Amino acid sequence: MLSSYAAHFDTPPGYLDFARFGPPSRDVVATTGHALEESARADHTTVDLLMHAEATARETAARLAGTDAEHTVLLPNTSTGLFHAALGVPAGVVLAARTDFPANHYPWRRTAGLGRAEPRCRAAG
């Protein structure tokens, strides 16, 4: 099953730096290219089509996550999502894995600087 999933990517064998950069699949590259081509020929229907695509993406992500589209947000990357989560939590203690990717600690440090969170790093496991 993993080999059939990996067949959708052009990354070289052994690529393991997904925490820093997760290369898109060929399907994503093709879909993005198609959307850009359509945008270059924009007409009065372009915005409506793009808004429909965004709603479809949210609905699909919600279904995969087991929730609904009203509680699903599309963000450009994990760091942005963590900042939204960090700024949305009430004041209190936040536990984070000491060995987590460094960028995952910045949102909690920033909210600690605002007096809203008290991050505590623990060993994973």
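This one's a predicted model, so the numbers in the text were calculated from it and none came from an experiment. Here, residue 1 is the first one in the sequence, and each next residue gets the next number.
Qualifying side-chain hydrogen bond (donor to acceptor under 3.5 Å, both in side chains) partners for Glu38, counting only residues two or more places apart in sequence or in other chains: Arg41. By the side-chain contact (heavy atoms from CB on, under 4.5 Å) test, Val73 is found to be paired with Leu75, residues two or more places apart in sequence or in another chain being considered. Under the side-chain hydrogen bond (donor to acceptor under 3.5 Å, both in side chains) criterion, Thr80 pairs with Asn77, not counting sequence neighbours. Legend: residues meeting salt bridge (charged side-chain N to carboxylate O under 4.0 Å, His left out) with Arg120, ordered by chain and number and at least two apart, are Glu118. Applying the side-chain contact (heavy atoms from CB on, under 4.5 Å) rule to Leu87 yields the partners Thr111, Leu114, Arg116; only residues at least two apart in sequence or on another chain are considered. Scored by the salt bridge (charged side-chain N to carboxylate O under 4.0 Å, His left out) test, Arg58 finds Glu54 as partners (sequence neighbours excluded). For Asp17, the salt bridge (charged side-chain N to carboxylate O under 4.0 Å, His left out) partners two or more places apart in sequence, or in a different chain, are Arg20. Among residues two or more places apart in sequence or in another chain, the side-chain contact (heavy atoms from CB on, under 4.5 Å) test is passed with Asp48 by none. Qualifying salt bridge (charged side-chain N to carboxylate O under 4.0 Å, His left out) partners for Arg26, counting only residues two or more places apart in sequence or in other chains: Asp10.
With hydrogens and angles ignored, the 3.5 Å screen pairs a side-chain donor or acceptor of Thr46 with a backbone N or O of Asp43.
Looking at heavy atoms from C-beta onward, Ser39 lies in side-chain contact with Leu50 at the 4.5 angstrom threshold.
The CD atom of Glu59 sits 10.5 Å away from the CG atom of Asp68 when rounded to the nearest 0.5 Å. To the nearest 0.5 Å, atom CG of residue Asp27 and atom OG1 of residue Thr32 are 10.5 Å apart.
Counting only residues at least two apart or on different chains, the ring-ring contact (aromatic ring centres under 6.0 Å, His included) pairs with a member in residues 18-55 are Tyr15-Phe18. A ring-ring contact (aromatic ring centres under 6.0 Å, His included) check over residues 66-115, counting only residues at least two apart or in different chains, returns nothing.
With side-chain heavy atoms closer than 4.5 Å counting as contact, directly or through intermediates, Leu16 stands alone and belongs to no larger hydrophobic cluster.
Closest non-hydrogen pair, Ala62 versus Thr72, comes out as CB-OG1, 3.2 Å.
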